[in-house]
Amino acid sequence: DVPILISEDAVISQPAKILNFLRKQKYNADYELSARQGADTLAYIALLEEKLLPALLHTFWVEAENYCSVTKPWFASRIPFPLSLYLPGRMSREALNRILLTRGGPPLYSLTEVEAQIYRDAKECLNLLSKRLGTSQFFFGNTPSTLDAFVFGFLAPLYKVCFPRVHLQEHLKQLPNLCRFCDDILSFYFRLGVSGHSPAGQDSVDANLQKLTQLVNKESNLIEKMDDNLRKSPQHPPRKLTTLKLAVGGEASSPPSRLSP
Amino acid sequence: ALCFQAFLQMCNLPVRVVCRANAEYMSPSGKLPFIHVGNQVVSELGPIVQFVKAKGHSLSDGLDEVQKAEMKAYMELVNNMLLTAELYLQWCDDVTVEEITHPRYGSPYPWPLNRILSYQKQWEIRRKMKAIGWAGKSLEQVLEDVDQCCQALSQRLGTQPYFFNKHPTELDALVFGHLFTILTTQLTSDELCERVKNYSNLIAFCRRIEQQYFEGHDKDSCSSATSRSAKRSLLR
């Protein structure tokens, strides 16, 4: 069960319990908030879980291209063999199950309709968050709170991970204040090397991302080479085709075909 | 269920409440309640609000964008916490299930259909609870969650008459529906009811809406509406 907090002898799982533990240790990001702002925090977290989470789960775990090319290798690389063969698949099935049980059902009868609905809801949620954030640095003024952490936790992976299928990510990128919000938190709290303290977890995540990027680059180089070979191969007669076009559509031929060699 | 009636009455639209045993099957989404207007049938609060808005009635037009975002967030909080807690209590708490839910849900049908249908519904709800992580919660934890939700609502309401000051919105209708149902439905224990009663401004809020929008009609329809809505909410 992840995430897990290990502190001296205590091992705590589940986000709510971790937050409670930290509060008991006197770490509280919401100390300066008013009662009403505390209430708003709960409400916005509920909004994130109901409207944004299904689409995030879908983007990471259910969308076939994303899952196979990014999520599964990424998670499998961090899980010891032989669980790496089984756990990602189970997480994917659980994600689909959760989406169908909470958002499926009439009048949405097929997975495509459910998918369309959850992405519509997610885009609306992102718009609402953007309106609420406005031009402030954080959701409640100039200091971050639990809500900022939650929103960052939901948005940052969506913003930063390079997926093949990206329409929700593109929608997020059209909301500049949310992008700026993620970038600010990343540079303040996840900065490497400058202060001399670089979290080990972040290093290995970066190393894995680098490996993945290298693999992807190698593959795309291979594909480019194959394309080049195909183009240079003598069996491909592009010139004949264009001369045929010129012959057929005399006065109606468009400038590009006239100009082609 | 009551929240829909409250919403429609806040919009000054006349509404007649009818109970049917096959209501779940008549609804386009399988969820109750639904409204039947002319030859159109619409279910669930979101679509009903949109439908009413398309016909020219809206309670939230006066709100700015940030307030609308807040309203939607609070409505999700109510759905996420209160609605799920109500479902948990009706279908996952063994005592309540045996003594109240099974008999009520199966009451329109003959044996053995009543038992089969209510077990089927129970299985469906338990699967959903498991998927969202509520199956592992104890009753005490669920009551804590309800308490937290009521505290948030109470803090947001403060001393105002409605959540967005002077005029009621869909959020007020939704909160009223849930709280009134919790306060007036007979369950095996009064713990849920007691937790809500700790928040005096929420109680005052419920009374205010009841007086303004429900006692305006005959007293008969009000008391029967209460008992019918109590029955209807358990049939959800």
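Lettering follows sequence order; numbering is per chain, from 1. Side-chain atoms are counted along with the backbone in the values below, which use heavy atoms only and exclude waters and symmetry mates.
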Please identify, among A:E124, A:R98, A:E49, A:R132, the residue contributing the most non-hydrogen atom pairs under 4.5 Å to chain B. A:R98
List the steps, then state whether ring pair (Phe, Tyr, Trp, His ring centres under 6.0 Å) holds for A:F150 with A:Y44. CA-CA 9 Å; A:F150 264 85; A:Y44 277 100; over 10 Å; no
Just give me the residue among B:N80, B:I132, B:L153 that pairs up with chain A most often, heavy atom to heavy atom, under 4.5 Å. B:N80
Please tabulate, for side-chain N and O atoms in residues 152-161 of chain A, each donor-acceptor pair with protein atoms closer than 3.5 Å (sequence neighbours left out).
{"from": "A:Y159", "atom 1": "OH", "to": "A:D183", "atom 2": "OD2", "distance (Å)": "3.0"}

May I ask you to say whether A:K51 pairs ionically with B:E76, meaning some side-chain N is under 4.0 Å from a carboxylate O? yes
Chain A shares the most heavy-atom pairs under 4.5 Å, among B:L77, B:V66, B:V78, B:D64, with B:L77
Heavy-atom distances under 4.5 Å only: say whether B:Q151 touches chain A with side chain, backbone, both or neither. neither
How would you list, by chain and number, every residue that makes a ring-ring contact (aromatic ring centres under 6.0 Å, His included) with B:F164, sequence neighbours excluded? none
Report which part of A:Q37 has an atom under 4.5 Å of a heavy atom belonging to chain B: side chain, backbone, both, or neither. neither
Establish, yes or no, whether a centroid distance under 6.0 Å links the rings of A:Y119 and A:H58. yes
Contact origin within A:E94 toward chain B - heavy atom pairs under 4.5 Å: neither
